[in-house]
Amino acid sequence: TSIAASYSAPTEAAPDQEHTKVRKDIDKLVALDDSKHNKQLQAQDRLDRLEQEAQHLSSSIAELKLLKMDLEKEVHIADQEREQLENAVSVAASDNAQLAATAKMLADKIDSANKQRLKFMKESEENKAEADGVAEELDEIASKMKKLKLSAFSSLAAGGAFSEEDQKALGI
């Protein structure tokens with residue numbers, strides 16, 4: 001029951017009793033007021049602590065937001081660098097493919113040139129062998145012709161067709 005409800009109008013009871021009752025009610029009200037005041041102080045202390053904690057958390061949140069912004073910038077820079085690296089890798093891969101194609105083309109040309117060189121060397125050796133054979137034949141023919149010539153000149157010289165001077169000049 002509330003104190004006000006328990007308080008009743010003064011009766012004709014003894015004034016001391018009434019006074020005691022009022023005093024008790026006042027003491028209850030004072031105690032209630034003290035309790036309420038203590039609760040208010042406790043609530044205010046708790047509110048102050050919560051405000052301090054809220055300020056601390058707010059400060060931490062602000063720091064975290066700044067950190068988040070810095071991290072987002074770093075992520076953006078890292079993304080740009082990754083993109084640049086991917087582009088560089090793509091260009092390098094394209095260049096490598098072109099170099100590989102050029103290297104294959106050069107290898108094919110070198111192989112073809114080597115085949116032609118080997119063919120030329122073989123033909124050259126065959127031609128040299130043939131030329132050596134022809135040279136031997138020419139030497140033989142030249143030797144035969146010289147013998148025939150000497151024989152013919154000797155026959156002509158024996159028949160008196162050449163003078164002594166002509167024979168000396170011809171080496172007969």
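All values below come from the heavy atoms of this structure, side chains included, with hydrogens, waters and symmetry mates left out.
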Original post:
Between K104 and D108, is a salt bridge (charged side-chain N to carboxylate O under 4.0 Å, His left out) present by the stated rule, with each step listed?
Top reply: CA-CA 6 Å; K104 183 179 179 342; D108 290 345; 3.2 Å; yes
Original post:
Are any of the side-chain nitrogens in R49 or D45 under 4.0 Å away from the carboxylate oxygens of its partner?
Top reply: no
**OP:** Given side-chain contact (heavy atoms from CB on, under 4.5 Å), test N87 with Q84 step by step and report yes or no.
**Re:** CA-CA 5 Å; N87 288 339; Q84 289 172 347; 5.6 Å; no
Original post:
Is it the case that more than 12 heavy atoms not belonging to R23 sit under 6.0 Å from its CZ atom?
Top reply: no
Original post:
Would you say K68 and L64 make side-chain contact, with heavy atoms under 4.5 Å?
Top reply: no
**OP:** Find out whether N114 and R117 are in side-chain contact, i.e. whether some heavy atom of one side chain is under 4.5 Å from a heavy atom of the other.
**Re:** yes
Original post:
Roughly how far, to the nearest 0.5 Å, is the CD1 atom of I141 from the CG atom of L148?
Top reply: 11.0 Å
Original post:
Would you say K122 and L118 make side-chain contact, with heavy atoms under 4.5 Å?
Top reply: no
Original post:
Looking at CD of E86 and CD of E81, how far apart are the two atoms once the value is rounded to the nearest 0.5 Å?
Top reply: 12.5 Å
**OP:** Without swapping roles, check the side chain of S59 against the backbone of Q55 for a donor-acceptor pair under 3.5 Å.
**Re:** no
Subject >> Criterion side chain to side chain contact (heavy atoms under 4.5 Å, CB included) against L71, the qualifying member of E74, M69, K73 >> reply: E74
Subject >> Flag if over 12 foreign heavy atoms under 6.0 Å of CD, E130 >> reply: no
Original post:
Is it true that a side-chain atom of S94 and a backbone atom of S90 form a donor plus acceptor pair closer than 3.5 Å?
Top reply: no
**OP:** Working to the nearest 0.5 Å, report the span between CD of Q98 and CG of N96.
**Re:** 9.5 Å
**OP:** Evaluate side chain to side chain donor-acceptor pair (under 3.5 Å) for Q44 paired with D48, printing each intermediate quantity in order.
**Re:** CA-CA 6 Å; Q44 185 63 44; D48 290 345; 3.0 Å; yes
Original post:
How many angstroms lie between NZ in K24 and CG in D27, if you round to the nearest 0.5 Å?
Top reply: 9.5 Å
**OP:** Rounded to the nearest 0.5 Å, what's the gap from CD on E53 to OG on S60? Could you check?
**Re:** 10.0 Å
**OP:** Check whether more than 12 heavy atoms from other residues, nucleotides or ligands sit under 6.0 Å from atom CE of M121, and answer yes or no.
**Re:** no
Original post:
Under 4.0 Å between a Lys/Arg side-chain N and an Asp/Glu carboxylate O for D111 and K115?
Top reply: yes
**OP:** State the CG-CD distance between L67 and E72, to the nearest 0.5 angstrom.
**Re:** 10.0 Å
